[in-house]
Each structure stands twice: as structure tokens, then as C-alpha cells.
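Values below: every heavy atom of this structure, side chains too, minus hydrogens, waters and symmetry copies. All values reported here derive from a predicted model rather than from experimental measurement. Below, chain A is the first sequence line, B the second, and so on; all start at residue 1.
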Number of protein chains: 2
Amino acid sequence: MYRIGELAKACDINNDTLRFYEKNALLSPSSRSESGYRLYTEKDKEILQFILRAKGVGFTLAEIRELLSIEVNKADNACADVKILVDTKLADVERKLAELTRFQTSLKRLSDACCGGEESAEHCTILEALESNTNNVRHEHHHD
Amino acid sequence: MYRIGELAKACDINNDTLRFYEKNALLSPSSRSESGYRLYTEKDKEILQFILRAKGVGFTLAEIRELLSIEVNKADNACADVKILVDTKLADVERKLAELTRFQTSLKRLSDACCGGEESAEHCTILEALESNTNNVRHEHHHD
DNA sequence: CTTGACCTATGATCTAGATCTAAGGTTTAT
DNA sequence: ATAAACCTTAGATCTAGATCATAGGTCAAG
């Protein structure tokens, strides 16, 4: 069992952030002490770590609340609803993955162009690096 | 040449957001009309689209400002500085990619468990789905 | 039994990012 | 030449997310 300060320190966040997450239905301590202190279990800690990771990749707290609410349960006929939610988030994640992969490619290209190869780019910005692998996406150049 | 309203509409954002980006050194119109109207070029539009995509994958405006400032120039001896910045962002992107890939795996697992296979999970949450491919990362289960 | 480090609750403050308000100038169409 | 639809500026407001301030209860150590 962790008290609020212990859990906060273990996960490198502020005590108040834990109270904030509780008020916003993201994570409640499994119990309270006699005198009202919050008591968090190991499981609570895992949920918190999930929240922090999800935040780190750009999910909003509202989205994280949804993710945490997912309960795939064969006995439950709300299964279709869950599947829709999961598949929506999955599409979201995959869109981000695709976009990030483009950034990765561009940044690699810039990194290589820089200081490295003797006769590479004479002048290159992230925009140009990105453009060179994005032609087929959206723009129609009508430069005639 | 786009006027502010035209560019905003084309990119589905608010006029005020463009003024905000200008004030915050992210994107300035290439010129002004006689009467002071902002005039944006096609190039400006590309920068804006870059900003919007970068935002979409979780870069802050401050980070985007840095990315836009990257100018790999062989004639410029600040090249080492640029490389450090680029490589820092690259590491950042790759960390996000790894994390997102884990979410993708977990969500796929949930999606498959749900409604699909007749005898799959009886009860499964995102946490459990995530744990099952994260054992080697941090937790030590001592359930004996 | 009191000091200091912790905890409680409520409500205010801060930041980033975006949008809105107010007071007025510009352009286009009638 | 005037109404409608734009544009300008400066500054206020809003949201999400987090942190701080205040006033007080709890608890371990001296």
C-alpha cells in the first residue's frame, strides 16, 4: 500500500496530480486509512503508469478514461460498443504511427545530410526533407 | 496569395489561430497588402500544414518552432548544433513510435478478443492486454 | 506534548493553446 | 455611398491539465 506521497514520488509526479486524477475519474485509491489517507495498491500503480504512458503518446485524459473503461467481457452484450471504441482508438493510433514514421524518415534524412556526407545537401530544412517523401499524399502542384 | 480567411478555411482552422501563430513566431505571412491585410503564399500554406501535422503527433508549438528553424547548410558551421537538435527530436519520435506500437498491439489484441473468437477472453481490459506484452519491461509478478 | 512532515479539503492560480470581444478600417456589390 | 463581409489591433476569455494556497487534522520522534 502506498500513501499519496509515496506513489507520487515513485512515479515522479505531484501529489496534487493524483488528487486531480481522482476528481476526474481516472484513478481512485483502492481504500482509505482510518484517518482518511488515500491508500494505493500495486494495481493502482499500474493504472497510473498506464495513464502516464498514454499521456506521453498524446492521448487526452478523456481518451484515457475511455481506454481504461474498456472491459471486454464475453458475458456482457455491450461487446459491440467496446469493439467500436477499441477500433476507433486503434485507427487513431495507426494514424499517429504513420505520421510519426514520416517525421522519423525526414529527421533521419536531415541527420544524415548534416555534417555527415561530404557532398550531401547544401541547404535543407525539415520541410524539404518532408516534402521529398510526401509528394504522393495531398498537394497538386500546378506549376505550369 | 491567400488572405487570412482563405488560408484558414483551406486548412480548417480559425483566423485567430493564424494570428496567434504569427505572434508566436511560427508562421508569418510573406507579405501584406496596401491596406495591411496578411498575404500568404503557397509556401506559407505548406508550413502551416507542417505545423498542423506536427501538432497532431504531439509536438508542442515550441518544439515545432525548433523543427522549423532547422536549416542544414553546409556553408554554416553551426551544423553540429543542428545535428544535436535533429537527433534529439529523432530520439523523441522513436520513443513515441515504440510506445504507440505497444498500444497498437494491445488494442489489436482487445479488438480480436472482442466479439470475434468464440472462446477468446472472458474478461479483458486494456491493462491486461498491455501487460501481456510488457512483462519484460518493468513489473515483477510474484504470484506464488 | 509539541515539532515537523505528512495528510485532508476547497478553491485559486498558472501554462499552453485557442478563441472571442470591442472598436474601427477596407472591399465589394448594389 | 452604404450594407455586408471582410480585415486590423489589443486585450479578455476559455479549456485542459497541473499546481499552489489556505486552513486545519494526523502521526512519529524527541
With side chain to side chain contact (heavy atoms under 4.5 Å, CB included) as the criterion, how do A:L39 and A:R32 come out once you've worked through the C-alpha distance, each side chain's angles and the decisive distance to 0.1 Å?
CA-CA 5 Å; A:L39 295 174; A:R32 294 283 184 132; 5.8 Å; no
State whether B:R102 and B:E99 are salt-bridged, where the test is any N-O pair (Lys NZ or Arg NE/NH1/NH2 against Asp/Glu carboxylate O) under 4.0 Å.
yes
Between A:S30 and A:K43, do the side chains contain a donor N or O and an acceptor N or O under 3.5 Å apart?
no
Quick one: A:I4 CD1 to D:dT26 P, roughly how many Å, whole number?
17 Å
Is there a side-chain contact between B:R3 and the phosphate of D:dC6, meaning an N or O under 4.0 Å from OP1 or OP2?
no
When rounded to whole Å, the NZ to C1' distance for the pair B:K23 and D:dA10 reads 8 Å
Using the closest heavy atom to pick a nucleotide of DNA chain C for each, name whichever of A:G36 or B:A62 lands nearer the 5' end.
A:G36
Any luck finding a side-chain donor-acceptor pair between B:Y40 and B:K45 under 3.5 Å?
no
Whether A:N14 side chain and A:D16 backbone form a donor-acceptor pair below 3.5 Å
yes
Between A:Y37 and A:F20, which has a closest nucleotide on DNA chain D that is more 5'?
A:F20
Contact span of DNA chain C against chain A, any nucleotide atom under 4.0 Å from a heavy atom, 5' to 3', runs C:dC6 to C:dA9
Side-chain touch B:L107/A:D87, heavy atoms, less than 4.5 angstrom:
no
A:T60 near the nucleic acid: base, sugar-phosphate alone, or nothing, with a heavy-atom cut-off under 4.0 Å?
sugar-phosphate
Distance test, side-chain N/O of A:R32 to OP1/OP2 of D:dT26, below 4.0 Å
no
Would you indicate, yes or no, if D:dT26 has its OP1 or OP2 atom less than 4.0 angstrom from a side-chain nitrogen or oxygen of A:S33?
no
Nearest heavy-atom pair of B:G58 and B:K96: which atoms, and what distance?
O-NZ, 3.2 Å
Does B:S69 reach the main-chain N or O of B:E66 with its side chain, forming a donor-acceptor pair under 3.5 Å?
yes
May I ask you to say what A:R19 touches in the nucleic acid, namely base, sugar-phosphate or nothing, with a heavy-atom cut-off under 4.0 Å?
base
Among residues 8-16 of chain A, which residues get a heavy atom nearer than 4.0 Å to DNA chain C?
A:N15
Using ring centroids (six-membered ring only for Trp), state whether B:Y37 and B:Y2 fall under 6.0 Å.
no
Figure out the CG/P separation between B:L7 and D:dC6, and round it to whole Å.
15 Å
